[in-house]
S.K.: 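Provided herewith is a single structure, encoded as structure tokens, for subsequent inquiry.
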Amino acid sequence: MIDLHAHTTYSDGKLTPEALVEAAAKAGIHALAITDHDTLAGWDEAFAAATAWGIEIVPGVELSTVHRDRSLHILGYYPNPDQLQEPLRDRIQGRKRRAQKIVDKLAELGYFIQLPELGEGIAPSRPHIAAALVQAGYVKSSREAFDRFLGDYQPAYVHYETLSAHEGIRLLRSCGAVPVWAHPYLYRGGDVGTVLLELIEAGLEGVEVYHPNHTPSQCQHLENWCHQHSLVMTGGSDYHGPVEFDHQPANRLNMLQLPLALLSSLKQASRQI
């Protein structure tokens, strides 16, 4: 079994890379992708832990991009880290500037918080700020923080510093990575089929067909499009940790029971980039 979408404490996950690898192995996973937001910082720890647990690490990243003025995430698999590290440093600095602007907006609204102390290579994100709002007693849950302040177009929302989906795809391809559209049916900027054609034109190589938030009929649509356009199909739990998120059941590692055959297709695509 494989899981090609998981996050660690280097972005908005709850488990360290070492703990994530252990949890994945115990869940029956043979190959696990580390796909933190805009950072590769968790790779080394994951590779070291994987040796002890006997599982394969698929090196990856999840780029935060914008398309049609809405957030759109692009997964990149097997990038050359030496080529991608410098552009990602710029992305992390942009995330830090964005986080500070959100904190400043909250202060203007009368809600004063401190940005959490994050280590080197960790990409700050809205869940970190939501946790700070909970800790300060302004909200009872992260979900309330998003609903009242941090969600798209709520009072404290700030757009990502602009990296278009087309630019993100080109960046990943230039670093030897396979660019894959993450959870297409969570995108809110237009018809999925139409947007998919736009991303293919930019150089998209694959689609995350299997995701906990995709219905069976949506998966079928994505499978059909992948066959039609010769795209790689991937999938994963989008795992962030074992804790429930605001009374919603947490995604579980290996919950989709995806076969190793998907990884073979992904590896073949990576050799052709």
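None of these values were measured; they are calculated from a predicted model. Heavy atoms only: backbone and side chains are in, while hydrogens, waters and symmetry mates are out.
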S.K.: Carefully, step by step, assess His128 and Leu115 under the rule side-chain contact (heavy atoms from CB on, under 4.5 Å).
M.R.: CA-CA 8 Å; His128 293 123; Leu115 278 173; over 6 Å; no

S.K.: Do His73 and Trp181 make a side-chain contact, defined as non-hydrogen atoms from C-beta onward lying under 4.5 Å apart?
M.R.: no

S.K.: Closest approach of Ser174 and Leu171, non-hydrogen atoms and distance?
M.R.: OG-O, 2.6 Å

S.K.: Same hydrophobic cluster for Leu40 and Ile34, using side-chain heavy-atom links shorter than 4.5 Å among ILVMFWY?
M.R.: yes

S.K.: With clusters defined by side-chain heavy atoms of hydrophobic residues (ILVMFWY) lying less than 4.5 Å apart, directly or transitively, does Val195 cluster with Trp225?
M.R.: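 Result: yes, single cluster for both.
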
S.K.: Show your working on side-chain contact (heavy atoms from CB on, under 4.5 Å) between Leu133 and Leu150 and close with a plain yes or no.
M.R.: CA-CA 10 Å; Leu133 284 167; Leu150 305 177; 4.2 Å; yes

S.K.: Give the minimum heavy-atom separation between Gly236 and Leu256, together with the two atoms involved.
M.R.: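 Minimum heavy-atom separation between Gly236 and Leu256: O-CD1, 3.5 Å.
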
S.K.: Could you tell me the separation between the CG atom of Leu163 and the CG atom of Asp90, rounded to the nearest 0.5 Å?
M.R.: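 Separation between the atoms: 10.5 Å.
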
S.K.: Do Leu231 and Ile169 belong together in a cluster built from hydrophobic side chains that touch within less than 4.5 Å?
M.R.: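 Cluster IDs for Leu231 and Ile169 match.
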
S.K.: Would a 4.5 Å heavy-atom cut-off, applied to side chains only, mark Val58 and Leu32 as touching?
M.R.: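 SC-SC contact between Val58 and Leu32 ruled out.
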
S.K.: Evaluate the side-chain contact (heavy atoms from CB on, under 4.5 Å) criterion for residues Ser125 and Asp12: first the C-alpha distance (whole Å), next the side-chain angles of each, then the deciding distance (0.1 Å), finally the verdict.
M.R.: CA-CA 7 Å; Ser125 59; Asp12 56 355; 3.6 Å; yes

S.K.: State which residue, out of Thr35, Thr16, Asp36, fulfils the side-chain hydrogen bond (donor to acceptor under 3.5 Å, both in side chains) condition with Thr8.
M.R.: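 Among Thr35, Thr16, Asp36, the one that satisfies the side-chain hydrogen bond (donor to acceptor under 3.5 Å, both in side chains) with Thr8 is Asp36.
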
S.K.: Using residues 202-211 as the side-chain source, report each donor-acceptor pair under 3.5 Å to any protein atom, sequence neighbours left out, with the distance given to one decimal.
M.R.:
residue: Glu205; atom: OE2; partner: Arg173; partner atom: NH1; Å: 2.4
residue: Glu208; atom: OE1; partner: His5; partner atom: ND1; Å: 3.4
residue: Glu208; atom: OE1; partner: His183; partner atom: N; Å: 2.8
residue: Glu208; atom: OE2; partner: His5; partner atom: ND1; Å: 2.7
residue: Tyr210; atom: OH; partner: Glu223; partner atom: OE2; Å: 2.5
residue: His211; atom: ND1; partner: Asn213; partner atom: N; Å: 3.0
residue: His211; atom: NE2; partner: Asp238; partner atom: OD2; Å: 3.1

S.K.: What salt bridge (charged side-chain N to carboxylate O under 4.0 Å, His left out) pairs are there with at least one residue in residues 263-273, not counting sequence neighbours?
M.R.: Glu56-Lys267

S.K.: Applying salt bridge (charged side-chain N to carboxylate O under 4.0 Å, His left out) as the test, list every pair that has at least one member in residues 63-78; sequence neighbours left out.
M.R.: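 Every salt bridge (charged side-chain N to carboxylate O under 4.0 Å, His left out) pair that includes a residue of residues 63-78, provided the two are not neighbours, is Arg68-Glu198, Arg70-Asp152.
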
S.K.: In Å and rounded to the nearest 0.5 Å, what is the NE2 to CZ distance from His37 to Arg126?
M.R.: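 His37 atom NE2 to Arg126 atom CZ measures 10.0 Å (nearest 0.5 Å).
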
S.K.: Any idea which heavy atoms bring Pro212 and Asn251 closest together, and the distance?
M.R.: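 Between these two residues, the closest heavy atoms are CG-ND2, 3.7 Å.
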
S.K.: Between CG of Asp191 and OH of Tyr187, what distance do you get to the nearest 0.5 Å?
M.R.: 10.5 Å

S.K.: Do Val66 and Val192 share a hydrophobic cluster (ILVMFWY, side-chain heavy atoms under 4.5 Å, transitive)?
M.R.: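 No, Val66 does not connect to Val192 through the hydrophobic network.
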
S.K.: Closest approach of Asn254 and Ile2, non-hydrogen atoms and distance?
M.R.: OD1-O, 4.3 Å

S.K.: Could you tell me which residues satisfy ring pair (Phe, Tyr, Trp, His ring centres under 6.0 Å) with His240, sequence neighbours excluded, listed by chain and number?
M.R.: His7

S.K.: Under 4.5 Å between any side-chain heavy atoms of Tyr185 and His221, yes or no?
M.R.: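 Yes. Closest side-chain heavy atoms under 4.5 Å.
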
S.K.: Under a 3.5 Å cutoff, is there a donor and acceptor pairing between the side chains of Gln228 and Asn224?
M.R.: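 Judged by distance alone, the side chains do not pair up.
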
S.K.: Count the heavy atoms of every other residue, nucleotide or ligand shown that sit under 6.0 Å from CD of Glu201, and state whether that count exceeds 12.
M.R.: no

S.K.: Could you pull out all donor-acceptor pairs under 3.5 Å where a side-chain atom in residues 97-112 meets a protein atom, sequence neighbours excluded?
M.R.:
residue: Arg97; atom: NE; partner: Glu161; partner atom: OE2; Å: 2.7
residue: Arg97; atom: NH2; partner: Glu161; partner atom: OE1; Å: 2.9
residue: Arg98; atom: NE; partner: Val158; partner atom: O; Å: 2.7
residue: Arg98; atom: NH2; partner: Val158; partner atom: O; Å: 3.0
residue: Gln100; atom: NE2; partner: Asp104; partner atom: OD1; Å: 3.0
residue: Lys105; atom: NZ; partner: Tyr157; partner atom: O; Å: 3.0
residue: Tyr111; atom: OH; partner: Arg148; partner atom: NH2; Å: 3.3

S.K.: Is any side-chain heavy atom of Leu88 less than 4.5 Å from a side-chain heavy atom of Thr39?
M.R.: no

S.K.: Mind listing the closest non-hydrogen atom pair of Leu84 and Pro87 along with its distance?
M.R.: O-CD, 3.1 Å

S.K.: Consider only side-chain heavy atoms of I, L, V, M, F, W and Y, link residues closer than 4.5 Å, and tell whether Met233 and Leu186 are in one cluster.
M.R.: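 No; Leu186 is not reachable from Met233 via cluster members.
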
S.K.: Less than 4.5 Å apart, any side-chain heavy atom of Ile113 and any of Tyr138?
M.R.: yes

S.K.: Taking it one step at a time, do Arg95 and Ser64 satisfy side chain to side chain donor-acceptor pair (under 3.5 Å)?
M.R.: CA-CA 10 Å; Arg95 277 182 167 269; Ser64 304; 2.8 Å; yes

S.K.: Could you state the interatomic distance from OG1 (Thr9) to CD1 (Ile122), rounded to the nearest 0.5 Å?
M.R.: 6.0 Å

S.K.: Between the side chain of Trp53 and the main-chain N/O of Lys26, is any donor-acceptor distance below 3.5 Å?
M.R.: no

S.K.: Between Gln135 (side chain only) and Ala132 (backbone N and O only), is there a donor and an acceptor less than 3.5 Å apart?
M.R.: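 Not at all, since once roles are kept as given, no pair shorter than 3.5 Å links the two residues.
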
S.K.: Between the side chain of Glu45 and the main-chain N/O of Gly42, is any donor-acceptor distance below 3.5 Å?
M.R.: no

S.K.: Identify the heavy atoms of Ala6 and Leu20 that sit nearest to each other, and give their distance.
M.R.: CB-CD2, 4.0 Å

S.K.: Given side chains that start at C-beta, do those of Met1 and Leu260 come closer than 4.5 Å, heavy atoms only?
M.R.: no

S.K.: What I'd like to find out is whether the side chain of Leu196 reaches to under 4.5 Å of the side chain of Thr194, using heavy atoms alone.
M.R.: no

S.K.: Please report the C-alpha distance between Leu266 and Leu263 in whole Å, then the side-chain angles of each, then the deciding distance to 0.1 Å, and finally whether the side-chain contact (heavy atoms from CB on, under 4.5 Å) criterion is met.
M.R.: CA-CA 5 Å; Leu266 181 60; Leu263 183 58; 4.3 Å; yes

S.K.: Side chains of Asp3 and Ser237: do they bring a donor and an acceptor to under 3.5 Å?
M.R.: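 Judged by distance alone, the side chains do pair up.
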
S.K.: Taking only distance into account, with no hydrogens and no angle test, what donor-acceptor pairs under 3.5 Å do side-chain atoms of residues 75-82 form with protein atoms, sequence neighbours excluded?
M.R.:
residue: Tyr77; atom: OH; partner: Leu4; partner atom: O; Å: 2.5
residue: Asn80; atom: OD1; partner: Asp82; partner atom: N; Å: 2.9
residue: Asn80; atom: OD1; partner: Gln83; partner atom: N; Å: 3.4

S.K.: Mind checking whether Val61 and Ile74 have side chains closer than 4.5 Å, heavy atoms only?
M.R.: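 Result no, sub-4.5 Å side-chain heavy-atom pair not found.
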
S.K.: Working to the nearest 0.5 Å, report the span between CD of Gln220 and CG of Leu222.
M.R.: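 Spacing of CD (Gln220) from CG (Leu222) equals 9.5 Å.
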
